[in-house]
Protein chains: 2
Amino acid sequence: MGFNYNEKQPVYGQLVDELRKQIKNNYKPNDKLLSEREIMRKYEVSRNTVREALSELENIGYIYRQHGKGTFVASWMDDTTKIGDEYSFTEQMKSLGRKPETKIIEMSERKADEYFSGKLRINVGDPIVKLKRLRLADGMPMMIDRTYLPAEKFENLSIYELETKQRSLYNVFLEDYGEKVRLADEMLSVGIISDKDADLLKIAPNSPGFMLRRTTYNHKNEIIEYTISSARGDQFVYNIKYKH
Amino acid sequence: MGFNYNEKQPVYGQLVDELRKQIKNNYKPNDKLLSEREIMRKYEVSRNTVREALSELENIGYIYRQHGKGTFVASWMDDTTKIGDEYSFTEQMKSLGRKPETKIIEMSERKADEYFSGKLRINVGDPIVKLKRLRLADGMPMMIDRTYLPAEKFENLSIYELETKQRSLYNVFLEDYGEKVRLADEMLSVGIISDKDADLLKIAPNSPGFMLRRTTYNHKNEIIEYTISSARGDQFVYNIKYKH
DNA sequence: CAGTGGTCTAGACCACGCC
DNA sequence: GCGTGGTCTAGACCACTGC
């Protein structure tokens, strides 16, 4: 019952996949899993490795542990709702059954100043691409994105792909540049939409809205995008789940 | 430079606190931390313990790691406020180094109507406890919580514990009623703070703020709390991480 | 090449829940 | 007492980065 040590994936990753499969097929919510020591013997790995795998399953909300009692299948495994939602506007709108549309208002190149060199973790003076986009759903203006990219990673970024073909930025990242998003980290605050933005969004001046700053990381933990957005306050509801 | 093994807190937890303090005082965003082996020698702990501490700091977004290069201070650490990974106001404020305080404005019992029976998954007519609280940080009014609890689960809830002793609601849930929070599900939107709330919060009328609705679940997937909150828009920043 | 984080092992003791 | 998860150690080798 051992694992392959020559795989690309580490042993604890293989264990995660194996346990996830088992939970899906053979367990019900609140069922008790094998104990750490039993898993250890069954798959011939050390307890540390077992605990790494279980910690990952705990983090994604598949299981919970109780000191002195055991490890159990999470109780909402029967719920259909997805935990950890979507950060892509295009995908968000599609999943809500609304038709997303993006208009590029500006695309330009500049040199990174102190601020953006820090935000993108590049050197001052390195070239960055600025992309300003108006996002609509079923024709209604929803939000404005100001995206800053390290130009060296995304040479020859094409307005045609983004606007005419209406591909999502993340789709272009992945399929045209091989940059896979691993983590998107968003800071969300409330503010009054600026007059200029309110005009583009076709809303009244001084309307409240969401201000978002998003940093996106690839698998090497490099920053591939920094975006500042203004979103209509009356059109968005955020769902946040805190798991313990 | 060693740690105390007889503390209530485990060694890696003490390390987390120590490193967090150091980062706050002596480091800037994107600075390189001591390597894992250096930390190991400096504090006389094993590398595993160091890595447990660093993983925790990574999870709460204080640091990031780069294979072959080192461990670095996260780039948002220049921001002053950040909320996320915590749904408890008390804990949030403590982790920001601010002194939390709670004033109970109202505590009453009533029978559940259609709306609250649905929100708490109880029968219409079952008793519920309403708790209205003003939350302050360093004496500044920050938010107003309206909390609804199934009265049968929380008999004899004590204002003394909550107000005089300033214990957090979740602490009382856990230690006095054995109800451990498994999941808090928050819906977050933007709105204008009502005049009545603006008065309590000592802010100008028509100020924008966060509107929150939170449902909290225990291990049996029962609902133990439903809370509606209004929070000052100028005092909160939410952090959301999307992992892929 | 040396130094870094990533993975893995074997073994130990502690704290908790239950009978 | 016994089995469970929680913490900790010492040591090993791998994979990646930068010189």
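All values below come from the heavy atoms of this structure, side chains included, with hydrogens, waters and symmetry mates left out. Just so we're on the same page: letters track the sequence lines, and every chain starts at 1.
- For the pair A:Leu34 CG and D:dT4 P, the interatomic distance rounds to 10 Å; values are reported in whole Å.
- Candidate nucleotides C:dT4, C:dC8, D:dC8 were compared by shortest atom distance to the side chain of B:Val11, and D:dC8 ranks first.
- Counting non-hydrogen atoms under 4.0 angstrom, A:Gln66 reaches the backbone sugars and phosphates but no base.
- Rounded to an integer number of Å, the gap from A:Glu44 CD to C:dA10 P is 10 Å.
- Counting heavy atoms from C-beta outward, A:Glu114 and A:Lys119 have side chains that stay 4.5 Å or more apart.
- For C:dC18, one of the phosphate oxygens OP1 or OP2 lies less than 4.0 angstrom from a side-chain nitrogen or oxygen of A:Lys69.
- Here the nucleotide nearest the side chain of A:Pro10, chosen from C:dT7, D:dT9, D:dG5, is C:dT7.
- OP1 or OP2 of C:dG6 sits under 4.0 Å from a side-chain N or O of B:Arg51.
- Minimum atom distance to the side chain of B:Lys32 is reached by C:dT4, of the listed D:dC8, C:dT4, D:dG6.
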message: Run A:Tyr238 and B:Tyr238 through ring pair (Phe, Tyr, Trp, His ring centres under 6.0 Å) and show every step you take.
response: CA-CA 10 Å; A:Tyr238 274 77; B:Tyr238 273 77; 9.6 Å; no
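- The nearest whole Å value for the distance from the CG atom in A:Leu54 to the P atom in C:dC8 is 14 Å.
- Projected onto DNA chain D by closest heavy-atom contact, A:Leu33 and B:Gly68 fall at different nucleotides, the more 5' of which corresponds to A:Leu33.
- The phosphate of D:dC16 (OP1 or OP2) has no side-chain N or O of A:Lys220 nearer than 4.0 angstrom.
- No donor-acceptor pair closer than 3.5 Å links the side chain of B:Asn25 to the backbone N or O of B:Gln22.
- Atom CD1 of A:Ile39 and atom C1' of D:dG3 are 14 Å apart (whole Å).
- Judged by atom type and distance alone, A:Arg37 does not reach the base of D:dG3 through any side-chain donor-acceptor pair under 3.5 Å.
- Nucleotide C:dT7 holds its P atom 12 Å from the CG atom of A:Asn48, rounded to whole Å.
- Heavy atoms from other residues, nucleotides or ligands lying under 6.0 Å from NZ of A:Lys180 number 12 at most.
- Side-chain proximity of B:Ser35 to C:dT4, C:dC8, D:dA12: nearest is C:dT4.
- Between D:dA10 and B:Ser46, no contact under 4.0 Å exists linking OP1 or OP2 to a side-chain N or O.
- Under a 4.0 Å N-O distance rule, the pair A:Glu106/A:Arg146 does not qualify as a salt bridge.
- Regarding contacts with the backbone of D:dT4, every side-chain N or O of A:Thr71 stays at 4.0 angstrom or more from both OP1 and OP2.
- Comparing D:dG6, C:dG6, C:dT9 by their closest approach to the side chain of A:His67 singles out D:dG6.
- For A:Met40 and D:dG5, the CE to C1' distance is 13 Å, given to the nearest whole Å.
- Between the side chains of B:Asp145 and B:Ser229, a donor-acceptor pair is found at a separation under 3.5 Å.
- Taking atom CZ of residue B:Phe72 and atom P of nucleotide C:dT4, one finds them 11 Å apart after rounding to whole Å.
- Atom CD in A:Glu36 sits about 8 Å away from atom C1' in D:dG6, given to the nearest Å.
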